[in-house]
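Since we're looking at a predicted model, the values are computed, not measured. Just so we're on the same page: letters track the sequence lines, and every chain starts at 1.
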Amino acid sequence: MPGVALSLVGILLAAAAIAIPTSGTRMARPLVYGICLATTLCLMTVAATALIGKSATPSSLALPAGLPQLGAHFRIDALSAFFLFVVNLGAAAASLFAIGYGRHEETPERVLPFYPAYLAGMKLVVLADDAFVFLVAWEFMSLTSWALVIANHKESDNLRAGYIYLLMASFGTLALLLAFGLLAGAEGNYTFAVIRSAPPSAGIAALILILAIIGTGSKAGLVPLHAWLPLAHPAAPSHVSALMSGVMTKVAVYGFIRIVFEMLGPPGWWWSVVVLVCGGATATMGVLYALMQRDLKRVLAYSTIENIGIIFSALGLSLAFKSEGLASIAALALTAGLFHIFNHSLFKSLLFFGSGAVLNATGERDMEKLGGLIHSMPQTAFVFLVGCMAISALPPLNGFVSEWLAFQAILLSPQLPLWSLKLIIPAVGALLALSAALAAACFVRAFGITFLGRARTPAASRAQETDRFSLTAMLILAALCLVAGILPGVFIDLLAATVQFLVGGRMPPQTGIEWLSIIPIAEGRSSYNGLLVFLFMIISGTLAAIAIHRLASDKVRRGPAWDCGYPDPSPLTQYSAASFGQPIRRVFGTIVFRAQEVGEMPPPASTAPARLTVKLSDLIWDTFYAPISGGITFAAEQLNRLQFLTIRRYLTLVFAALVFLLLVLAIWQ
Amino acid sequence: MHGLVFDVAHLLAGSLVLISFIELYQDRLFALINIFAAHALVLALSVAWQAYVQEAPHLYITAAIALVFKAVVIPMALHRIIVRLGIHREIETVVGIGPAMLLGMGLVALSMVVMLRVTAEADPLAREDLAFSLSVVLLGLLLMVTRRNAVSQVIGFMSLENGLVLAATGAKGMPLVVEISVAFSVLIAFIVIGIFLFRIRERFDTVDVQALDRFRGERK
């Protein structure tokens with residue numbers, strides 16, 4: 001099985017090689033993206049058969065490449081099969097979308113060669129079965145995505161984003177390198193099989209946990225390691241943004257699960273506290289940031305941070321229950337986390353595709369310059385709305401199911417014997433509930449300001465519906481959101497093998513239950529039926545529509561929008577994104593963003609306009625990043641003096657260094 | 001026989017260190033060059049003795065190279081350079097003979113301590129050789145650091161290289177190719193530095209390297 005997967009990855013790398021000489025030609029785009037689509041679909045099938053096949057025994061493969069005496073090991077087990085499926089589903093959708101979207105690419109030679117290589121890198125991370133292959137693939141994935149981030153290098157913001165991304169990616173890889181070094185122990189055997197069989201002692205495990213959180217969290221966007229994410233994700237072309245947000249963050253979560261759930265042995269109770277606190281803070285901060293942004297893609301990037309927070313919270317819950325021996329509840333929490341990983345990859349890709357379609361149609365990412373797109377791009381608006389509803393966790397869509405499952409696990413926290421966990425988990429639950437509500441507000445804002453109302457700029461009013469390939473990709477993802485929301489039992493049962501593999505327990509089988517309900521714990525406690533909600537919405541909606549059209553006039557009338565009695569022709573006077581965010585900014589922003597509002601009223605009889613200035617400062621950047629970057633700049637300036645010494649000083653330095661080393665050698669023994 | 005072999009090798013290597021010390025306090029260029037020639041001569045003798053002891057005829061070639069190039073050709077060339085540059089009357093302000101000698105003694109002690117400890121199990125002949133050669137290398141570096149005139153720095157570099165050759169021949173089984181390539185690289189370095197000396201002189205009217213620093217712009 002890994003052999004097939006590896007040869008498909010090889011095809012992707014070959015496609016990257018083909019793209020280098022041909023990227024200038026017209027055929028290159030459909031050819032490269034077509035190969036990517038076909039390959040990822042095949043890989044998806046491979047992953048699905050590994051996941052469904054009852055013979056879910058891990059199959060591995062060792063190649064005589066890589067480090068001497070180590071080789072290169074690959075393996076597909078239940079965990080990697082699930083992530084392989086998620087990665088390839090997102091990659092297939094992105095490739096399909098890009099066949100149409102890539103037509104607007106200004107510099108295809110900067111995107112086409114890196115795109116298949118980037119896909120190959122992500123798949124190799126998931127397939128790797130030794131630390132060397134894992135880290136090389138991880139770094140390959142980082143570097144190729146970095147190349148895609150700076151594909152449009154003429155905007156200086158993109159270069160800065162790429163720079164910060166590169167720094168953070170190297171930092172994360174360094175942490176992972178140290179983590180694997182500790183895992184390998186004194187013998188230094190880097191194959192996962194050996195690492196798995198000999199879990200580290202408690203103190204070392206704690207250190208590895210912290211390193212793993214730093215290493216994978218910096219890639220996934222865990223607060224406060226998220227700083228690069230909202231800069232880099234929007235800077236890439238939209239299909240790559242979708243992959244980075246929807247898929248690459250999941251690969252990072254995969255790394256976390258692989259290390260923490262599988263290699264570290266039985267978890268200590270406080271591990272879950274660290275992960276839960278990180279997750280809760282990430283979810284809340286992510287969505288608060290998202291509400292303050294006016295760039296559509298940046299809103300989506302911050303919302304990715306929020307969802308990563310939810311996923312990490314679910315993983316933390318699972319660790320908490322696992323450490324106390326409650327395997328079935330741990331399975332419930334882990335299922336919620338994994339299901340949310342799948343769901344988020346669906347709707348975040350969908351939303352990024354939608355924002356890409358809007359970007360292509362209008363040339364704008366700034367919501368304050370959009371508006372009224374539902375008239376010119378009705379189909380895009382519809383699928384975008386589905387994505388917004390799914391990410392806001394509205395039933396009957398998929399986002400609701402996974403978050404509901406997570407809350408079911410939170411509600412079971414009183415069963416834990418430890419008081420500290422009993423107190424912390426409900427607090428994290430409150431943070432998650434807050435962020436879920438704020439996420440809904442965030443996406444009402446994103447959809448409403450972008451697609452409703454009147455066009456705020458001429459560019460927005462000239463928009464046209466996007467192409468067929470892009471629409472197809474978005475429609476498929478929207479349909480999958482609905483299917484996963486209506487048939488959650490099927491997906492939960494598919495996850496059972498992975499969950500069993502990781503926590504040694506599973507949720508009760510859901511597919512046999514009547515009417516497609518899901519019952520996570522017991523019937524008397526809670527159950528959910530997506531189909532019922534869906535049918536109710538369809539029927540009540542249809543009945544209401546019929547009633548309105550029968551009882552009232554069925555003519556479609558278009559009148560001027562209500563404008564509070566002040567007829568103003570300028571569409572800029574509409575309710576704006578900033579207006580929508582203002583109440584939330586006033587509630588939370590004074591602390592979190594140190595928001596300051598200054599209103600300037602001109603004196604009476606003056607014709608000068610009134611002004612409202614809002615100052616936001618990024619507390620996390622100011623407390624964590626600014627001192628570090630300042631310190632590095634200071635040290636660099638001090639060391640820079642070394643560049644301007646005289647020849648004799650250099651000679652003396654060399655001489656002094658030599659004598660110093662000899663002295664050390666003489667004193668050492 | 002063994003006692004004599006060891007003693008002669010010891011004597012020659014020890015005199016190399018001694019001559020390095022003499023180099024250290026020469027403040028006239030001609031005298032410095034003459035001492036350097038003596039340095040190279042003792043090196044040639046030492047290498048030849050090693051060739052005789054180790055019964056390695058190719059070491060005679062190394063000794064001949066050292067004798068011809070380092071003891072004859074390079075000193076003569078340096079003489080001519082100094083005469084042509086007209087700096088044969090210049091007296092260098094050295095760091096100060098006392099401190100330089102004290103530093104040198106410290107360095108020799110350091111290299112003895114390090115080398116004798118590290119090579120506890122080696123052949124006593126090679127052991128002594130290595131310790132002396134490290135001293136010669138360090139003294140050469142010290143010469144380079146304490147001088148301001150480019151010509152004396154060249155000589156410091158050359159005597160440093162002599163220390164390397166001493167180490168290379170002391171260890172048994174060092175291939176001839178390595179020694180020859182080291183010798184040639186030094187020769188080429190000498191040529192390059194010689195050419196640069198004239199270029200520097202043309203530009204700045206001096207071979208004092210402090211002048212170069214002034215011309216780089218940050219020292220007014």
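Residues of residues 133-145 of chain B placed with any heavy atom under 4.5 Å of a heavy atom in chain A are listed by number as B:L134, B:L138, B:L141, B:L142, B:M144, B:V145. Of all residues spanning residues 9-19 of chain B, none has a heavy atom less than 4.5 Å away from chain A's heavy atoms.
The side chain to side chain donor-acceptor pair (under 3.5 Å) pairs that include a residue from residues 189-206 of chain A are A:D129-A:R196, A:N189-A:T191, A:R196-A:E262, where partners are two or more places apart or lie in different chains.
Around CZ of A:F593, the count of heavy atoms belonging to other residues, nucleotides or ligands within 6.0 Å exceeds 12. With a 6.0 Å radius and a threshold of 12 heavy atoms from other residues, nucleotides or ligands, A:E106 has its CD atom at or below the threshold. Around the CE atom of B:M101, the shell of radius 6.0 Å holds more than 12 heavy atoms that belong to other residues, nucleotides or ligands.
Taking the side chain as every heavy atom from C-beta outward, B:T146 and A:F655 never approach each other to under 4.5 Å. Within the 4.5 Å cutoff, the side chain of B:Q153 has heavy atoms near those of the A:L651 side chain.
A:L658 touches chain B through its side chain: at least one heavy atom from C-beta onward sits under 4.5 Å away, while N, CA, C and O do not.
Under the side chain to side chain contact (heavy atoms under 4.5 Å, CB included) test applied with B:V114, the options A:L661, A:L662, A:L663 reduce to a single match, A:L662.
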Using distance only, find each side-chain donor-acceptor pair of residues 621-631 of chain A under 3.5 Å and give its atom names and separation, not counting sequence neighbours.
unit_1, atom_1, unit_2, atom_2, d
A:T623, OG1, A:L619, O, 2.6
A:T623, OG1, A:I620, O, 3.4
A:Y625, OH, A:P224, O, 2.5

